[in-house]
Amino acid sequence: MDLVKTIIFVICLLIIFYGIFKKNRIFFNYGYLIIGLMIVFDQITIYSRSQMAENLALICLWIIQIVLVIPNKLPPLTKNGSVVAKSAITKIMISLIVINFFGAYYSSTVDYIPKIAMYGHIILGLLPIFPAYFILAGKIETID
């Protein structure tokens, strides 16, 4: 089962990289969404067996990630809309960074999570820097 999770994780990372290179937030968000859902379902399974509060807390933490990255179809970014986007992107990307660096730390402290997950979460913690840079540096095309 760990192999299946690893394959799904790698596919999601590729989707995220594709979203970064194409500057397409939909693909970026779908990658984080699928990973978040995978972690939530995994932690629900573990929680149902162990009833440990830490697993319940992890479920809640990754539900926050899921909510932050729910993909939505928005019109092209306008110059006025970029002000709002700059404010929101910083908060959302910092949240993704914190969640995934915590995931890297946590996966290194327990035995039931494969050690490779730590490296995956480190990568997931670094990738939000790119969309934040694109928005804050004006690298995303705006209309008006």
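Since we're looking at a predicted model, the values are computed, not measured. Sequential numbering from 1 along the given sequence is applied to the chain's residues.
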Within this structure, what is the [atom1]-[atom2] distance for the pair [X] and [Y], rounded to the nearest 0.5 Å?
{"X": "Ile89", "Y": "Ile94", "atom1": "CD1", "atom2": "CD1", "result": "10.5 Å"}
{"X": "Leu33", "Y": "Ile70", "atom1": "CG", "atom2": "CD1", "result": "7.0 Å"}
{"X": "Ile11", "Y": "Thr6", "atom1": "CD1", "atom2": "OG1", "result": "11.0 Å"}

**Study point:** Sequence-distant partners of Phe27, ring-ring contact (aromatic ring centres under 6.0 Å, His included), two or more places apart
**Key:**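 Only Tyr18 meet the ring-ring contact (aromatic ring centres under 6.0 Å, His included) criterion with Phe27.
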
Point to revise | More than 12 heavy atoms from other groups under 6.0 Å of OH on Tyr30 | key: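 It does not: Tyr30 OH has 12 such atoms or fewer within range.
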
Review point. Within a reach of under 6.0 Å around CD1 of Ile116, are more than 12 heavy atoms found that belong to other residues, nucleotides or ligands?
Key: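 Counting other residues, nucleotides and ligands, CD1 of Ile116 stays at 12 neighbours or fewer.
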
Answer yes if [X] and [Y] sit in the same cluster of Ile, Leu, Val, Met, Phe, Trp and Tyr residues linked by side chain heavy atoms under 4.5 Å apart, and no otherwise.
{"X": "Val67", "Y": "Leu58", "result": "yes"}
{"X": "Leu124", "Y": "Leu126", "result": "no"}
{"X": "Ile113", "Y": "Met52", "result": "no"}
{"X": "Leu14", "Y": "Tyr119", "result": "no"}
{"X": "Leu13", "Y": "Leu68", "result": "yes"}

Return all side-chain donor-acceptor pairs below 3.5 angstrom for residues 131-138, not counting sequence neighbours, or 'none' if the list is empty.
none

Practice item. Hey, could you give me each pair passing side chain to side chain donor-acceptor pair (under 3.5 Å) that has a residue in residues 123-132? Not counting sequence neighbours. Key: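 Pairs touching residues 123-132 that pass the test: none.
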
With a 4.5 Å heavy-atom cut-off, do [X] and [Y] have their side chains touching?
{"X": "Ile16", "Y": "Phe130", "value": "no"}
{"X": "Phe28", "Y": "Asn24", "value": "no"}
{"X": "Tyr32", "Y": "Leu127", "value": "yes"}

Contacts table for residues 34-44: side-chain donor-acceptor under 3.5 angstrom, sequence neighbours left out:
unit_1, atom_1, unit_2, atom_2, d
Asp42, OD1, Lys5, NZ, 2.8
Gln43, OE1, Asn55, ND2, 2.7

Just distance, no hydrogens or angles: give the donor-acceptor pairs under 3.5 Å from side chains in residues 95-107, sequence neighbours left out.
unit_1, atom_1, unit_2, atom_2, d
Ser95, OG, Lys91, O, 2.8
Asn100, OD1, His121, ND1, 3.0
Asn100, ND2, Gln65, OE1, 3.0
Asn100, ND2, Leu96, O, 3.0
Tyr106, OH, Glu54, OE2, 2.7
Tyr106, OH, Tyr112, OH, 3.1
Ser107, OG, Gly103, O, 3.0
Ser107, OG, Ala104, O, 3.0
Ser107, OG, Met118, N, 3.4

Check your understanding: What are the two closest heavy atoms between Cys12 and Gly31, and how far apart are they?
Key ->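 Of all heavy-atom pairs spanning Cys12 and Gly31, the closest is CB-O, 3.8 Å.
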
Practice item. Quick one: which residue pairs count as a salt bridge (Lys or Arg N to Asp or Glu O under 4.0 Å) with a foot in residues 101-128, not counting sequence neighbours? Key: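 Pairs touching residues 101-128 that pass the test: none.
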
